[in-house]
Amino acid sequence: MIPTMIVYGLLLGRWWRVAIVSAALVWPLLLVLADVPISGNGLVAAAFLGAANASAGVLVHQGVLWLVRRLRADRKDDHR
């Protein structure tokens, strides 16, 4: 189930703040809707883990964006 939040972060990585905050809200909600037995402290931990896993996806997304921008800038400089 961890890959779910990583993919979530990958898909919404452009809007990283929204992705991380919403992951912290959505992951515990998904666990509750799936009838996973979880306590109050478990929900807090789930929120943290959801945000952490989405952050991993966001970091990959942002890294790819940085690389693409860097390559485009280098390519533009070569044509001048």
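Source: prediction; values computed, not measured.
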Same hydrophobic cluster for [X] and [Y], using side-chain heavy-atom links shorter than 4.5 Å among ILVMFWY?
X   : Y   : result
V32 : W27 : yes
M5  : L43 : yes
L67 : L10 : no

Partner of L31 by side-chain contact (heavy atoms from CB on, under 4.5 Å), out of L49, I38, V26: I38

Where do A19 and Y8 come nearest, in terms of heavy atoms and distance? O-CE2, 3.5 Å

A23 and P28 have their tightest heavy-atom pair at O-CD, 4.1 Å

Under 3.5 Å donor-acceptor, H61 side chain and L11 backbone: no

Partners of I20 by side chain to side chain contact (heavy atoms under 4.5 Å, CB included), sequence neighbours excluded? W16, A51, S55, V58

Take atom CG of L29 as the centre, draw a 6.0 Å sphere, and report whether it contains more than 12 heavy atoms from other residues, nucleotides or ligands. yes

